[in-house]
2 protein chains.
Amino acid sequence: MTPLRHVFFVSDGTGITAETLGHTLLTQFEAVEFKTTTLPFVNSPEKARSTLDFINFIAKDAGLRPLIFSTTVNDEVRAILRTADALFLDLFDLMIHTIELELGVASTHAQGRAHGMANQQKYNSRISAMNYAMEHDDGQSTRDLARADVILIAPSRCGKTPTSLYLALQHGLFATNFPLTEDDLEQQKLPSSLRGLENKCFGLTSEPERLSQIRSERRPGSKYASLAQCAYELRQAEQLYRRAQVPFLNSANMSIEEIATMVMQEKNLRKPTF
Amino acid sequence: MTPLRHVFFVSDGTGITAETLGHTLLTQFEAVEFKTTTLPFVNSPEKARSTLDFINFIAKDAGLRPLIFSTTVNDEVRAILRTADALFLDLFDLMIHTIELELGVASTHAQGRAHGMANQQKYNSRISAMNYAMEHDDGQSTRDLARADVILIAPSRCGKTPTSLYLALQHGLFATNFPLTEDDLEQQKLPSSLRGLENKCFGLTSEPERLSQIRSERRPGSKYASLAQCAYELRQAEQLYRRAQVPFLNSANMSIEEIATMVMQEKNLRKPTF
């Protein structure tokens with residue numbers, strides 16, 4: 001067994017970028033055990049010095065150099081962190097100069113921009129999207145459905161709700177979702193409130209085994225959770241999607257992020273990021 | 001005015017890491033106008049070649065080299081993309097070799113790991129956290145409150161709901177929230193269902209002007225949205241937090257990500273990422 005390796009995600013903002021890139025790289029080393037610590041808001045030389053002391057303390061204690069994934073914009077902060085007894089990898093160190101050369105413009109060195117309140121209007125619209133997703137979850141409201149960017153439809157527990165909320169929170173999309181009831185599945189018709197909105201619909205399916213397992217956590221031993229019922233609903237749902245020409249995907253082995261990405265690709269929903 | 005610059009976020013997975021790091025870097029160039037396109041699931045040489053054709057087509061049309069932020073694990077895919085008529089910046093190119101040397105281990109070259117279903121158990125607990133946050137939003141349910149990792153309290157529209165959902169979806173935390181009613185504020189007492197749970201509470205405040213503006217969008221001209229009412233509620237809430245020794249922050253100029261980060265820091269809620 002390899003010894004535990006300490007990893008620090010250091011940022012002058014939330015640390016989300018440092019975590020994301022560090023995590024992506026570390027998933028490539030399955031044999032190594034990592035202990036990660038996020039150190040956000042390191043936005044002054046004083047905080048950089050106490051961060052440095054902390055990391056050096058851990059390094060000495062562990063007897064193995066930690067890894068630091070940093071996204072600190074301030075040159076002075078970075079210069080201090082760079083002296084740590086650690087492998088120091090900073091996104092700006094590695095990429096910003098190349099981009100400056102390419103664009104022919106100097107970077108602004110503005111801190112905390114990546115996940116701060118850079119754009120009030122965009123922020124407000126994201127909150128509106130989230131409120132919309134909450135109010136319309138699981139077919140609760142049919143008011144203002146024409147405003148939806150996308151309407152997810154599926155049998156119960158195929159991932160509609162988390163995907164809708166993720167699309168709203170992360171991408172500012174007006175995402176809503178409708179359950180497919182026994183009647184809908186039996187009659188092979190979309191819920192009546194969705195008539196005329198077929199072009200906004202996207203369907204989800206799953207594998208019977210996986211769906212049965214998820215439903216069993218909620219209602220163990222029920223007909224609802226039985227393999228036969230799950231298989232029936234999924235078969236009917238898929239047939240309904242084909243009949244109504246609604247694009248769909250099987251969410252059984254996909255993360256929320258993957259489902260959301262596929263939905264946005266298929267429906268061409270990605271909003272500009274600048 | 002500088003001409004528009006095309007930017008591509010290319011990945012063999014969802015593209016979230018490429019977007020996050022590219023976006024973080026590009027926020028440092030306010031003077032440049034970017035047009036971004038995310039190209040996810042480029043996970044085979046065939047897809048890499050059609051991606052290459054597409055980017056080269058855009059490059060030729062624009063007359064300016066695009067920027068490519070890539071997080072593609074496959075060496076062959078990367079070799080193809082690297083030939084694009086663009087500035088090619090790949091996270092693995094820049095960092096993986098250094099990390100391999102430091103760890104003394106070769107990377108596994110596994111695709112789509114960063115935002116896929118790497119860990120079923122962790123994934124299920126994230127979904128449970130999200131269901132919990134939905135069911136407990138805005139004090140709807142007092143069942144199972146002892147299970148909460150954190151209980152956000154605040155007057156209406158200070159950011160409780162989006163922050164709870166973000167904590168659940170992104171961090172798998174059992175986050176819930178309670179509104180502070182006129183009675184709570186008047187009597188300077190926490191909602192009775194929170195008694196004994198003070199140590200899980202975290203308070204939010206805002207600025208009267210900002211709160212009034214947000215409330216006005218929902219109920220224009222109401223007492224609820226008036227500056228006087230907002231100022232009163234915020235003053236009383238702050239006093240209540242101090243009295244009940246509940247940590248709090250002013251969310252007026254903070255993004256959801258920043259609020260969530262501060263809450264996790266203060267309550268020491270960050271879960272291990274591996």
message: So, taking the atom named CG in A:Leu87 and the one named CD in B:Glu102, what distance separates them when rounded to the nearest 0.5 Å?
response: 4.5 Å
task: Sort B:Met134 into side chain, backbone, both or neither according to what part of it lies under 4.5 angstrom from a heavy atom of chain A.
output: side chain
message: If I measure from the heavy atoms of chain A, does B:Tyr166 come under 4.5 Å with its side chain, its backbone, both, or neither?
response: both
- request: Using non-hydrogen atoms and a 4.5 Å limit, figure out which bit of B:Val7 sits close to chain A: side chain, backbone, both or neither.
  value: neither
query: Counting heavy atoms not belonging to B:Asp144, are there more than 12 under 6.0 Å from its CG?
result: yes
- prompt: Taking everything shown except B:Asp138 itself, do over 12 heavy atoms lie less than 6.0 Å from its CG?
  reply: yes
- prompt: Do you know which of A:Thr27, A:Thr24, A:Thr20, A:Thr17 makes side-chain hydrogen bond (donor to acceptor under 3.5 Å, both in side chains) with B:Thr17?
  reply: A:Thr24
query: Is B:His97 atom NE2 crowded by more than 12 heavy atoms from other residues, nucleotides or ligands, each under 6.0 Å away?
result: no
- line: Between B:Leu169 and A:Pro162, the two heavy atoms sitting closest are CD2-O, 4.3 Å
message: How long is the straight-line distance from CG of A:Leu67 back to OG1 of B:Thr98, given to the nearest 0.5 Å?
response: 10.0 Å
- request: Take atom NZ of A:Lys35 as the centre, draw a 6.0 Å sphere, and report whether it contains more than 12 heavy atoms from other residues, nucleotides or ligands.
  value: no
Nearest non-hydrogen partners of A:Arg270 and B:Thr14, listed with the distance: NH2-O, 4.4 Å
task: Sort B:Leu39 into side chain, backbone, both or neither according to what part of it lies under 4.5 angstrom from a heavy atom of chain A.
output: neither
- request: Quick one: which of B:Thr161, B:Thr71, B:Ile256, B:Leu89 has the most heavy-atom pairs under 4.5 Å with chain A, could you say?
  value: B:Ile256
field: Over 12 foreign heavy atoms within 6.0 Å of NZ, B:Lys47
entry: yes
- request: Quick one: closest heavy-atom pair of B:Phe41 and A:Met262, and the distance?
  value: CE1-SD, 3.3 Å
Gap between atom CG of B:Leu21 and atom CG of A:Leu94 - 0.5 Å precision: 10.5 Å
field: Which atoms of B:Ile127 approach chain A - backbone, side chain, both or neither, heavy atom under 4.5 Å
entry: side chain
message: Quick check on B:Met130 against chain A: is it the side chain, the backbone, both or neither that has a heavy atom closer than 4.5 Å?
response: side chain
message: Looking at A:His115, is its backbone amide N or carbonyl O close enough to the side chain of B:Ser255 to form a donor-acceptor pair, meaning the two atoms are under 3.5 Å apart?
response: yes
field: Engaged part of B:Glu100 at the chain A interface, taking heavy atoms whose separation is under 4.5 Å
entry: both
field: chain A contact via B:Arg126 - which portion, at a heavy-atom distance below 4.5 Å
entry: side chain
message: Can you tell me which portion of B:Ala252 sits under 4.5 Å from chain A's heavy atoms? Options are side chain, backbone, both or neither.
response: backbone
- prompt: What are the two closest heavy atoms between A:Phe29 and B:Ile99, and how far apart are they?
  reply: CE1-CG2, 3.6 Å
- prompt: Is it true that a side-chain atom of A:Thr108 and a backbone atom of B:Gln28 form a donor plus acceptor pair closer than 3.5 Å?
  reply: yes
message: For A:Ala168, which atoms come within 4.5 Å of any heavy atom of chain B: side chain, backbone, both, or neither?
response: neither
- prompt: Could you give the distance from CG (A:Asn131) to CD (B:Glu217), rounded to the nearest 0.5 Å?
  reply: 10.0 Å
field: B:Ile16 CD1 to A:Glu257 CD distance, which is reported to the nearest 0.5 Å
entry: 4.5 Å
- line: Between B:Thr38 and A:Gln265 the two heavy atoms that sit nearest each other are O-OE1, 3.9 Å
field: Minimum heavy-atom distance A:Asn124-B:Arg210, with the two atoms named
entry: OD1-NH2, 3.7 Å
query: Who passes salt bridge (Lys or Arg N to Asp or Glu O under 4.0 Å) against A:Glu258, sequence neighbours left out?
result: none
message: Once rounded to the nearest 0.5 Å, what's the spacing between atom CG of A:Leu91 and atom CE of B:Met95?
response: 5.5 Å
- prompt: Contact part of B:Ala18 toward chain A, heavy-atom cut-off under 4.5 Å: side chain, backbone, both or neither?
  reply: neither
